[in-house]
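Any value given below was found using the heavy atoms of this structure, including those in side chains, with hydrogens, waters and symmetry copies removed. Throughout, numbering of the chain's residues begins at 1 and tracks the sequence. Keep in mind that what you see is a predicted model, and the values were worked out from it rather than measured.
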Amino acid sequence: MDEKERIAWAINYLKKEHRLKDQELAKKWGIDKNTVAAYRRAKGIAKGNVLASLAKDFGINGEWIITGKGEPFPGARDKFP
């Protein structure tokens with residue numbers, strides 16, 4: 001899985017887990033909802049504010065997003081074997 005795919009996975013996971021809509025994430029991140037949809041389809045590399053929010057606001061492991069090392073969040077391997 002490359003960085004685009006990890007970002008897509010994280011956003012899709014958060015949308016489902018927190019029942020969020022693209023429009024809500026777009027507003028939070030100051031981007032267009034179509035950009036959020038593109039990120040969910042692994043069609044672009046998210047900018048710093050999105051990556052920072054994934055880590056700070058949602059607890060996604062920044063190292064995992066960038067390098068693929070570790071887990072997306074604590075307990076992810078147990079939840080998604």
Side-chain angles (χ1 to χ4, degrees):
M1 184 182 304
D2 68 15
E3 184 177 350
K4 290 180 191 178
E5 293 168 324
R6 288 188 294 275
I7 292 167
W9 183 91
I11 293 171
N12 285 313
Y13 167 77
L14 293 171
K15 281 190 61 169
K16 182 178 178 184
E17 192 73 15
H18 297 280
R19 298 180 183 191
L20 297 168
K21 296 181 180 180
D22 287 353
Q23 187 171 359
E24 293 169 304
L25 291 171
K27 184 177 179 182
K28 179 173 191 55
W29 295 333
I31 60 178
D32 187 86
K33 68 179 182 175
N34 293 326
T35 303
V36 174
Y39 291 161
R40 287 190 304 99
R41 294 188 311 274
K43 298 293 181 188
I45 297 288
K47 304 289 186 246
N49 63 319
V50 173
L51 298 175
S53 177
L54 288 172
K56 182 181 175 190
D57 299 330
F58 296 106
I60 300 295
N61 179 350
E63 182 178 3
W64 175 81
I65 290 173
I66 302 301
T67 68
K69 293 179 182 177
E71 298 182 290
F73 55 86
R77 292 198 198 281
D78 294 333
K79 189 170 185 175
F80 303 101

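- For Lys47, there are no salt bridge (Lys or Arg N to Asp or Glu O under 4.0 Å) partners, not counting sequence neighbours.
- Residues Tyr13 and Pro72 are not in side-chain contact: their nearest non-hydrogen atoms beyond the backbone lie 4.5 Å or more apart.
- By the 4.5 Å heavy-atom criterion applied to side chains, Leu25 and Ile31 are not counted as neighbours.
- Between Leu54 and Phe73 the shortest side-chain heavy-atom distance does not fall below 4.5 Å.
- Rounding to the nearest 0.5 angstrom, the gap separating the CH2 atom in Trp9 from the CH2 atom in Trp64 is 5.5 Å.
- The two atoms that bring Arg19 and Glu24 nearest to each other are O-OE1, 3.9 Å, heavy atoms only.
- Put simply, the side chain of Leu51 reaches to within 4.5 Å of the side chain of Ile7, judged on heavy atoms.
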* To do: Give the C-alpha distance, both sets of side-chain angles, the deciding distance and a yes or no for side chain to side chain contact (heavy atoms under 4.5 Å, CB included) between Lys28 and Leu20.
  => CA-CA 11 Å; Lys28 179 173 191 55; Leu20 297 168; over 6 Å; no

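- Rounding to the nearest 0.5 angstrom, the gap separating the CD1 atom in Ile66 from the CD atom in Glu3 is 4.0 Å.
- In this structure, the side chains of Thr35 and Val50 stay at 4.5 Å or more apart for every pair of heavy atoms.
- In terms of the salt bridge (Lys or Arg N to Asp or Glu O under 4.0 Å) criterion, residue partners of Lys15 (sequence neighbours excluded) are, by chain and number, Asp22.
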* To do: List the steps, then state whether side chain to side chain contact (heavy atoms under 4.5 Å, CB included) holds for Phe58 with His18.
  => CA-CA 10 Å; Phe58 296 106; His18 297 280; 4.2 Å; yes

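- Nearest heavy atom pair, residue Glu71 against residue Ala76, reads OE2-N, 3.5 Å.
- Across all non-hydrogen atoms, the minimal contact from Ala8 to Ala42 is CB-N, 3.8 Å.
- The CD atom of Gln23 sits 10.5 Å away from atom CG of Asn34, with the distance rounded to the nearest 0.5 Å.
- Across Lys4 and Gly44, no two heavy atoms sit closer than the pair CG-O, 3.8 Å.
- Looking at residues two or more places apart in sequence or on another chain, you find no salt bridge (Lys or Arg N to Asp or Glu O under 4.0 Å) involving Asp32.
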